[in-house]
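What follows is a short report on a single structure.
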Amino acid sequence: MTEQYQETQRRRTFAIISHPDAGKTTLTEKLLLFGGGIRLAGAVKSNKITKTAASDFMEIEKQRGISVATAVMSFDYDGTRINILDTPGHKDFSEDTYRTLTAVDSVILVIDSVKGVEEQTERLMQVCRMRDTPVMVFINKMDREGRPVFELLDELEEKLSIRVRPLTWPIGAGKHFQGVYNLHEGNVHLFTAGKTVVESERLLIEDLADPQLDRNLGTAAGRLREEVELIEGVYDPYSPEDYLDGSLAPVFFGSALNNFGVRELLETFISIAPPPRHRPAKPRTVEPDETTFSGFVFKIHANLDPRHRDRIAFLRVCSGVFERSKAFYHVRHRKEMRFTSPYSFMAEKKNVIDQAFPGDVVGLFDKGDLKIGDTLTEGEQIEFQGIPDFSPAIFKEVVNTDPMRSKQFEKGIAQLTEEGVAQLFRQDGGNRLVVGTVGDLQYEVISYRMEHEYGAACRFQPLPFSRARWITSEDPAALKEFIQYRSRNVFRDKDKKPVYLAESEYVLNSNITAHPKVSFHATSEFKLAV
Ligand code: G4P
C-alpha cells in the first residue's frame with residue numbers, strides 16, 4: 001500500500017451546514033475540542049458574521065478576515081484526518097457555501113429541534129442532492145423542549161426528499177434529556193449536563209436490558225426500550241450503500257452546547273463517512289489513487305492587508321500528491337505555476353506545508369492568476385466539473401460614478417466577481433453591467449471594497465429581474481432568434497455563456513412555453529432543469 005493510498009483513506013473532508021442559529025458554530029467547536037484542535041470553547045465563535053454586523057462594513061471585513069483563517073479546520077482524531085470546510089453562516093453568503101459544497105466528500109446537516117427544517121436547510125440540501133453528496137443529520141438543542149421526535153423525522157423526509165434512519169436515539173428531551181442510545185453500536189452513554197469540555201462523564205451501558213439502566217433513568221428506561229423497538233420496526237436497517245449514494249440520511253440527536261451526542265456523531269461519522277472518491281472531470285473521471293496530481297480552486301479570498309494585494313486561493317486536492325515548489329500546470333492559462341509557500345490549517349494555525357494528499361485543502365497565494373473553478377494538474381488537459389454558478393436572487397445594474405477612474409472600476413468589478421463575491425453579467429451587445437447576488441449585504445461589501453481596495457466609486461440601480469437561466473439550444477438559429485427577440489433580458493456570464501434574466505416565475509414559464517426549442521437551465525453547468 002502506498003503512502004498516498006493510506007493518507008487518502010484516512011481523510012474525511014466535509015462541511016457542516018445549517019440554517020443560521022441551528023448550532024453549526026457550536027458543533028464545529030465541539031468537534032475541534034475532541035480533536036484537540038482548540039483548547040477553549042468560544043474560539044470558533046468569532047468566525048460568525050453576526051446579524052448586527054449587516055451595516056457595519058469594517059465589522060464585515062474583519063469577520064471575513066477571520067473566516068480566511070478558518071476556511072478549513074483540520075485535526076487528527078484516532079488516526080483519522082478530519083478536514084472541516086467552513087461555510088459562512090450569513091445567508092447573504094450562501095453562494096460561497098454552495099461552492100464549498102463542491103469541494104467536500106460529505107456533509108453534516110444541523111437541525112434545530114425546536115424549529116425543524118428551515119428555509120435555508122432546504123436550499124442547501126437541494127445542492128447536496130444535485131451532487132449526490134452523502135448527508136448525515138444532527139438534530140441539535142435536544143436540551144430544549146423541541147418538537148416530537150417522530151414528527152421531526154417525518155418532516156425531514158418530506159421537506160428534504162431523503163429517507164432518514166436514526167443511528168442514535170434521545171433519552172428524554174428538554175429538561176429531562178439524559179443522553180443518547182447508540183443504535184449503531186447498541187449501547188447507551190449517560191451524560192452529566194452543563195459540561196463544556198470533552199471529558200464529560202459517560203457511563204457506558206452495553207445492553208438495553210441491563211437493570212443499571214432502570215436505576216439511572218427510572219421510568220425513562222422503559223420508554224427508551226419501547227421506542228427502540230418501535231424504530232427498529234418502522235425504519236429499514238441502516239444501509240451504507242444508500243447513505244453513500246446520497247439517498248439515505250443517518251440521523252443523530254444531541255445538544256452541541258452541552259456536548260451531548262457529539263462523540264457518537266464524530267465516531268460514527270469516522271466509521272461510515274466516505275474518504276475522497278472519484279471526481280467527475282472533462283474529458284474523464286479522476287480517481288484519488290492516481291499518481292499524478294490534480295486539484296481545483298473552489299474559493300478565493302482577498303487579502304485583508306491593504307499593503308498586500310495578493311489573494312488566497314483554496315485548492316482541493318483530488319488526486320496524486322501536491323508538493324511545494326513543484327511546477328504544476330494551470331489548465332485554463334496553459335502555463336506552469338509553482339507555489340513556494342502553500343499552507344494548511346492544522347490546529348488553529350496556518351502552516352507552510354511540503355505536501356498534501358487527496359481530500360486536503362491547500363491555501364495558495366495568488367497574484368490574480370487563479371479563478372474559482374480553475375484546475376491544476378501535472379500537465380494533463382482536464383477540467384473538474386460541478387462548480388456551477390447558481391441563479392442569483394437580486395440583480396442590480398452597477399454604474400461607474402467616477403468616469404476618471406474607469407480602469408480601477410473595471411478591474412475592481414472583475415476581481416471581486418472572480419472572487420465569487422457576486423456574479424457579473426454583461427449585456428449581450430451592450431454596455432450594461434449587472435451584478436447578481438443572493439443577498440443585499442453583498443452590494444454593501446462591493447461598494448466598500450471598490451472604494452477602499454480599488455479607489456473606484458460605484459452605485460447600484462435596482463433591476464426588476466429575480467432569476468437567471470442559462471440558455472442553450474440544439475438549434476443555433478432558435479437560440480439566436482431568442483437572444484435577439486429578448487435582447488433586453490439576455491446577458492453574458494463570466495464565461496460568455498448567454499443567460500436570460502427573468503422578471504418573475506410567471507414570465508419565465510411563459511417564455512419556456514413560447515420557445516420550446518430553447519432549454520433554460522438553473523445553473524451554469526446545466527445539471528438542474530428549471
Ligand atoms: P450557527 O453557527 O448555526 O448560526 O449557530 P450557533 O452555533 O452560533 O448557535 C446559535 C445559538 O444556539 C447560540 O446561542 C448557541 O449557544 C445556541 N446553541 C447551540 N447549540 C445549542 C444546544 O445544544 N442547546 C441550546 N439550548 N442552545 C444551543 P446565542 O445565544 O445566539 O449565542 P451565545 O450567546 O450562546 O454565544
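All ligand and atom numbering here is 1-based and tracks the order in the structure.
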(request) Look at the aromatic rings of Tyr238 and His184 and report parallel, tilted or perpendicular, splitting at 30° and 60°. (result) perpendicular
(request) Just jot down the ligand 1 atoms closer than 4.0 angstrom to any heavy atom of Thr26, in number order. (result) 6 (P), 7 (O), 9 (O), 15 (C), 19 (C)
(request) Report the distance from atom OG of Ser161 to atom CD of Glu122, rounding to the nearest 0.5 Å. (result) 8.5 Å
(message) What I want to know is whether Leu27 and ligand 1 share at least one N or O pair that is separated by under 3.5 angstrom.
(response) no
(request) Report yes if some N/O of Ala256 lies less than 3.5 Å from some N/O of ligand 1; otherwise report no. (result) yes
(request) With heavy atoms of Leu257 as the reference, note each atom of ligand 1 found under 4.0 Å away. (result) 16 (O), 20 (N), 21 (C), 22 (C), 23 (O), 24 (N), 25 (C), 27 (N), 28 (C)
(message) Check for me whether Asn258 has a heavy atom closer than 4.0 Å to any atom of ligand 1.
(response) no
(request) Could you tell me whether some N/O pair between Pro20 and ligand 1 is separated by less than 3.5 angstrom? (result) no
(request) Considering the heavy atoms of Lys24, write down every atom of ligand 1 situated less than 4.0 Å from one of them. (result) 1 (P), 2 (O), 3 (O), 5 (O), 7 (O)
(message) Before we go on, tell me: are the rings of Phe357 and Phe322 under 6.0 Å apart, centre to centre?
(response) no
(message) Applying a heavy-atom cut-off of 4.0 Å, say which part of Asp143 lies close to ligand 1: side chain, backbone, both or neither.
(response) side chain
(message) What I want to find out is whether Arg12 reaches Asp105 closely enough, with some N-O distance under 4.0 Å, to be called a salt bridge.
(response) no
(message) Only heavy atoms of Ser18, strictly under 4.0 Å: list the atoms of ligand 1 that pass.
(response) 3 (O)
(message) Out of His19, Lys30, Arg144, Lys141, who is nearest to atom 11 (C) of ligand 1 when you count heavy atoms only?
(response) Lys141
(message) Listing request: all ring-ring contact (aromatic ring centres under 6.0 Å, His included) pairs with a residue in residues 150-171, at least two apart in sequence or in separate chains.
(response) Phe150-Trp169, Trp169-Phe253
(request) Could you check which of Thr28, Asp21, Asn140 puts a non-hydrogen atom nearest to atom 1 (P) of ligand 1? (result) Asp21
(message) Angle between ring planes, Phe465 versus Phe395, binned at 30° and 60°: parallel, tilted or perpendicular?
(response) perpendicular
(request) Please could you name the atoms of ligand 1 that Thr25 approaches to less than 4.0 Å, counting only its heavy atoms? (result) 1 (P), 2 (O), 7 (O), 8 (O)
(message) Restricting to side chain to side chain donor-acceptor pair (under 3.5 Å), what partner residues turn up for Glu7, sequence neighbours left out?
(response) Arg10, Arg11
(request) Using a strict 4.0 Å cut-off to heavy atoms of Ser255, name the atoms of ligand 1 that fall inside it. (result) 22 (C), 23 (O), 24 (N)
(request) With the side chain counted from C-beta on, respond yes when Gln212 and Leu217 share a heavy-atom pair under 4.5 Å apart, and no when they do not. (result) no
(request) Return the orientation label for the Phe260 and Phe177 ring planes: parallel under 30°, perpendicular over 60°, tilted otherwise. (result) tilted
